[in-house]
Structures are given as C-alpha cells and as structure tokens.
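Note that ligands are numbered from 1 as they come in the structure, with each ligand's atoms numbered from 1 the same way.
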Amino acid sequence: MSKPVRARDNDFVMTKNKDVAILILAAGKGTRLKSSLAKVLHAAGGRPLVEHVVRACVPVGPKKIVVVVGHQAEKVQEIVEPLGAETVLQQPQNGTGHAMLVAKRAIGNAKFVVVLPGDAPLVRTETLRALIQKHKEGQAAATILTAVLVDPTGYGRILRKGGDAVAVIIEESQLTAEQRELNEINSSMYCFTTTKLWPALAEVKPNNSHREIYLTDAIGLLSAKGETVLAEIAQDSREMLGCNTRADLAGVDHTFREWKREALMRDGVTIQLPETVLVDPDVTVSEDTVIEPCVQLLGKTKIGARCVVKTGSVLQNAVLGDDVLVEPHCVISESRVDSNAVVGPFARMRPNSHVKSGARIGNFVELKKSTVGEGSKVPHLSYIGDTKIGKKSNIGAGTITCNYDGFHKHPTTIGNKVFIGSDSALVAPVKVGDGAYVAAGSTITENVPADALGIARGRQVNKAGWASKKRRELAAAEKPTKSKKKRR
Ligand code: UD1
Ligand code: MG
C-alpha cells in the first residue's frame, strides 16, 4: 500500500467560518496511560496533545474554540487560552456526550459545531475545512470523519446503512464477535448541525458499563430519526489516530517527527538516516544544511544555510549562523554559534554562550555564559565560565577559569590576540589585556596588563645526576631481599 503524502503543514492562512464553533474534549484522565498527568497534557511531536489540536483549529477561523477541561484543568487552560481558546469545566466527567452538554451554553447560537477529541493530535487544518464543507454541502445533521485501519482495536466502529450514510457507532466494548471485523473506525471528529444535535443528545441515556453519556449514541439516534448522518474516510488515516496508551503516544510521536523531517527535506535540508533524527516543531533549518544520523534539534533551534551537524549532537534552543560545523557529540543549549565557526567534537555549550564568527571550540570544552570572539580558539579540554574572550585569542589546552569561590560567580575578561598557555588556571575576577601572554601552567590571580607576560608558577630546578643516584640507592636496598622474596 502506498503511503499517503501529507500535502503541507497546518498553514496559517486564515479562513472564516463564523457559523462554526469548535469544541475540543479534553477533560478525561486517560486511565489507560497509567499516569499522574492528564492525558491531553502528554506530549507527542514536541507539544502537549491538546496544543496540537487547538493549533490545527485556529486557521479554520471559527466563531470560537471551546475546550472542555476537567482533569488538571488549570494546566490545560494554561496551554489553550494563550492560543485564543476558551474553556468550560466538566466535573465530574460523565462521558463524551456529557462533555458536550456541559459546553452547550458556551457553544451558544453557532449553527454548526465541530467536535474534536483532545487526544487525537495529528489532525490538520485542511482536513477540518474539508469536514465542514462536506457537512454543509450534504446538508447533514452530522458528518463523521472516519478511517479504515488494519488494526481497529480500541475504537468505536462505523456501521453503514449504505453509501455515505451511517447507521450507528458501536463502541469497542459493545461489539459482537462479527462486528469486530468492522475496520472503519470513528475518529471522534464530527461536524453537527446544532439544532439537530441538542434534541438527540438530550435523549441519550448512560446505557453502558461505564454509566457514561456517549456522544456516539447521539449519532445512532439521529440516524434512526431519518436525519442525514454522513461519514468521510480520511485520506491519511494517521490523522485520525487517538492516544489512549503509551504505545499510541509513541506511534503518534513517530508520525509527527516524520512529517517534520519531510517538511525540512522539502525545504532543501539533507537528513541522513532520517528515521534516527528528532526535530521539534518550531525548529527551522536553511538550505543545503546536512544533518547526520542520531541528531536532536529541539525547542526553537534555528540553523542557517550550509551547516553540518554531525552525529550524536543535541541542540536545544540553539541559533547557528551559516556554514557552521558542529562536530560529533556536541550539546548546545540556549546558545549561539555564528557563521563559519566550528564546535566540537564533544563540546558543551551551556546557556548564554556565544561562539562568534570564525571561532572554534574543540573537544572536551565546556562554555557557560561565555563569549568566544571572532577567530578565537579554545581547542581542547577547557572550562570557560562567565568569561568574555576577544578576537583572535588562543586559549591553550586545559585552561580553566575558576569562576566560583563557593559563594559567588566571578567574571574573567580576556582581550584580543591573547595567548593563554596550556594548563593555566585563571582565578576570577581577573582580566588579561590585549596581546598579553600567560605562561603555561600558571595560576593567574592578578590582572595581566596588555602585551605583558603573566607567569605564576614555581621556578624549575634541575638537579644533575639525581635520578641515577636514586636508582643506585634503590637497587642496593633491594639486594638482600632476593632470598626473602622466595620465602614470601
Ligand atoms: C472515543 C469514542 C470512540 C472513538 C474514539 C476515537 C465515545 C464514547 N467513544 O473513544 O468511538 O473511536 O474516541 O479516538 O465517544 N472526554 C471528556 N469528558 C469525558 C470523557 C472524555 O472531555 O467525560 C475527552 C477525553 O479527555 C478525550 C476525548 O474526550 O480527549 C475522548 O475520550 P476517550 O476516553 O479517549 O474516548 P475513547 O475511548 O478513545
Ligand atoms: Mg481516546
């Protein structure tokens, strides 16, 4: 079976659907996840489930978006309200139909209501627009989005009357052995004509083992009354998938990541072994950048053109200019790397660090709140914290800034064209002026003026013949022990 191609991301071309209210059901606990976190707050594809759903709705341009909240209502509100949705509290949660009834007043006089489950985050704006259009054109009382799945386990099944018309939705727990073969599933995404919905919903009884009011039962009632109930099979069945279990979450996450990588590749990014690369939704990458296997690009990471990010690197809210080389196994967090700079391998940039244009930090170098100026190099084995390094300076292997006295952090300032010899400790607060040298192995506790040499170590003394004399002494002391050794 050929894989359906996702046309494009949720676009933010707004349409207007002022006769439509969208209702998102997000009050449930998600018992099957076995979690202290409410289901819709679980993340897939780099965002909480419910956030994906609201984001897909916004460009539809509905009259309003209403989210039914219950479990961890405040946390859900914190996510959806900034996106322009309002919330209604459902307490207790007596089923999907009950959730609708609770939101009736909020939906108000909208002619149509689109209902979406908060746990099916892959739905796209285009699909919602198509649902509304089909519903209006078909002059239906209800239109359901469905999918045909190889494994429909866990979903309510669609029983058709024939053609586009639906007879009933049968929940998994109520299926007969024969009905288990039905593989068209209810996605729980519907468009209703409100004047038809409310009377039908008022008749629904909690006739199930959970004693809940099922929204799905309203469909059967409408159909029995002779109202038009249509079903539209989604082109890409993945959009319809709900998350009831951890395995569902992993599956949905997989799809989101795949879509994101596909979008980047369409935009001219090379991704090697793409299935091993994890990219968050807000990440941007420019043309001709190469991402090697097992890389993670997280948060709002922004990568310029013609960069190479080599294997095993993790970038979190990192900003890279053009032509940057990130060697293998680097961790770059909340930091910037300007054009033509090189980082790694095995480098760590902690928050608020900045490697400027043409600069280089090498293996086993850790930066924290520090700037490495244009063309400067910190090639090996250094800790650089709370430090500003100017242009074209060279920081020798093993240089450590001692920025912490046990109580406070102190700054180090290194000027332009400075040379710090290997294995130096710079005890902050301290300044090394432009063009200065620090002798290898120094412990610098006082400022080094521009163009001076700072040297702070014990003077070397060579004792002639000391080693050979020592060896003779040791050998003499060993001799009588030969026989003893045997005894031991
Ligand atoms: C529901 C449908 C099922 C469909 C499946 C698709 C019903 C009875 N069943 O089953 O036909 O195949 O979705 O994914 O509708 N919620 C509330 N308040 C409640 C109960 C649920 O807001 O009182 C919310 C949940 O938080 C969730 C959504 O409604 O976001 C769906 O509830 P869930 O328990 O996941 O229903 P399913 O068993 O998946
Ligand atoms: Mg569900």
Side-chain angles (χ1 to χ4, degrees), residues 22-33 35 37-42 44 48-54 66-73 75-77 79-80 85 87-103 106 115-123 142 144-149 151-159 166 168-175 179 182-190 192 201 204-221 231 234 237-249 251-252:
I22 302 183
L23 185 68
I24 300 169
L25 308 181
K29 179 169 187 295
T31 312
R32 289 161 282 185
L33 283 179
S35 172
L37 192 66
K39 173 158 67 176
V40 298
L41 295 170
H42 278 261
L49 301 181
V50 69
E51 183 179 339
H52 284 289
V53 181
V54 178
V66 180
V67 182
V68 181
V69 295
H71 276 279
Q72 294 173 343
K75 284 190 186 156
V76 179
Q77 275 166 339
I79 293 167
V80 303
T87 55
V88 170
L89 187 67
Q90 183 199 15
Q91 203 71 272
Q93 295 83 33
N94 287 336
T96 46
H98 176 246
M100 288 239 47
L101 289 169
V102 168
V115 181
L116 303 173
D119 67 346
L122 287 159
V123 66
I144 313 166
L145 277 175
T146 69
V148 176
L149 299 185
D151 178 12
T153 312
Y155 291 94
R157 312 292 212 285
I158 303 289
L159 197 63
V166 172
V168 281
I169 299 173
I170 311 158
E171 286 306 297
E172 167 96 1
S173 57
Q174 292 160 345
L175 291 169
Q179 288 165 337
L182 293 170
N183 62 356
E184 185 178 6
I185 62 109
N186 168 32
S187 69
S188 233
M189 301 181 199
Y190 322 82
F192 291 100
L201 201 53
V204 174
K205 303 266 167 351
N207 287 335
N208 51 68
S209 56
H210 294 105
R211 310 295 307 150
E212 288 185 354
I213 297 174
Y214 284 174
L215 177 56
T216 43
D217 288 346
I219 295 286
L221 282 172
S237 60
R238 292 176 298 179
E239 279 187 58
M240 304 293 109
L241 299 177
C243 297
N244 295 321
T245 63
R246 302 269 176 173
D248 293 340
L249 276 175
V252 162

Practice task
Report the part of Ala120 in contact with ligand 1, treating N, CA, C, O as backbone and CB onward as side chain, heavy atoms under 4.0 Å; options are side chain, backbone, both, neither.
Solution key: neither
Practice task
List every atom of ligand 1 that sits less than 4.0 Å from any heavy atom of Tyr214, numbering the atoms from 1 in the order shown and giving each element.
Solution key: 8 (C)
Exercise for the section: Give, for atom CG of Leu201 and atom CE of Met100, the distance between the pair rounded to the nearest 0.5 Å. Expected result: 6.5 Å
Problem - Close-contact set for ligand 1 against Gln90 heavy atoms, below 4.0 Å - result: 17 (C), 18 (N), 19 (C), 22 (O), 23 (O)
Practice task
Any atoms of ligand 1 less than 4.0 Å from a non-hydrogen atom of Asn94? List them with their elements.
Solution key: 23 (O)
Problem - Enumerated ligand 1 atoms positioned under 4.0 Å from heavy atoms of Asn244 - result: 35 (O), 39 (O)
Completion exercise
Closest to atom 36 (O) of ligand 1 among protein heavy atoms sits Arg32 NH2, 4.3 Å
Handout entry: Close side-chain approach of Val54 to Ile79, heavy-atom, < 4.5 Å
Key = no
Completion exercise
Residue, atom and distance of the protein heavy atom nearest atom 30 (O) of ligand 1 read Leu25 O, 2.8 Å
Practice task
Establish, from distance only, whether the side-chain atoms of Gln91 and Gln93 form a donor-acceptor pair under 3.5 Å.
Solution key: yes
Problem - Residue and atom name of the nearest protein heavy atom (relative to atom 2 (C) of ligand 1), distance in Å to one decimal - result: Ser188 OG, 3.6 Å
Practice task
Just go through Glu171, Met189, Gln93 and tell me whose heavy atom is the nearest to atom 11 (O) of ligand 1.
Solution key: Glu171
Practice task
State whether the side chain of Arg246 and the backbone N or O of Leu33 hold a donor-acceptor pair below 3.5 Å, judged by distance alone.
Solution key: yes
Exercise for the section: For the residue pair Leu182 and Pro152, establish whether any side-chain heavy-atom pair is separated by less than 4.5 Å. Expected result: no
Practice task
Could you list the atoms of ligand 1 found under 4.0 angstrom from a heavy atom of Ala27?
Solution key: 17 (C), 18 (N), 22 (O), 26 (O)
Fill in the blank from the handout: the protein heavy atom lying closest to atom 21 (C) of ligand 1 turns out to be Thr96 CG2, 3.8 Å
Handout entry: the Mg ion (ligand 2) contact by Asn244, N, O or S atom under 2.8 Å
Key = yes
Practice task
Can you measure from OG1 (Thr87) to CD1 (Ile24) and round to the nearest 0.5 angstrom?
Solution key: 11.5 Å
Handout entry: Numbered atoms and elements of ligand 1 in range of Ser187, under 4.0 angstrom, heavy atoms
Key = 6 (C), 14 (O)
Exercise for the section: Starting at CD1 of Ile144, measure out to CD1 of Ile169 and round the result to the nearest 0.5 Å. Expected result: 4.0 Å
Practice task
Could you say whether the N/O atoms of Ala99 and ligand 1 ever approach to under 3.5 Å?
Solution key: no
Problem - pair Ile219-Phe192: side-chain heavy atoms closer than 4.5 Å - result: yes
Practice task
Pick, from Gly95, Gly28, Pro152, the option with the minimum heavy-atom distance to atom 19 (C) of ligand 1.
Solution key: Gly95
Problem - Residue pair Leu25 / Val68, side-chain heavy-atom distance below 4.5 Å - result: yes
Practice task
Please determine if Gly156 has a nitrogen or oxygen closer than 3.5 Å to a nitrogen or oxygen of ligand 1.
Solution key: yes
Practice task
Examine distances only and state if a side-chain atom of His52 and a backbone atom of Ala44 form a donor-acceptor pair shorter than 3.5 Å.
Solution key: yes
Handout entry: Heavy-atom nearest neighbour in the protein, as seen from atom 4 (C) of ligand 1, with distance rounded to 0.1 Å
Key = Asn186 O, 3.2 Å
Handout entry: Side-chain touch Asn208/Ser173, heavy atoms, less than 4.5 angstrom
Key = no
Exercise for the section: Would you check if Glu172 and Thr153 make a side-chain contact, meaning some heavy-atom pair closer than 4.5 Å? Expected result: yes
Practice task
Give the contacting part of Lys39 toward ligand 1: side chain, backbone, both or neither, where contact means a heavy-atom distance below 4.0 Å.
Solution key: side chain
Completion exercise
Of all the N, O or S atoms in Asp119, the one nearest to the Mg ion (ligand 2) is OD2
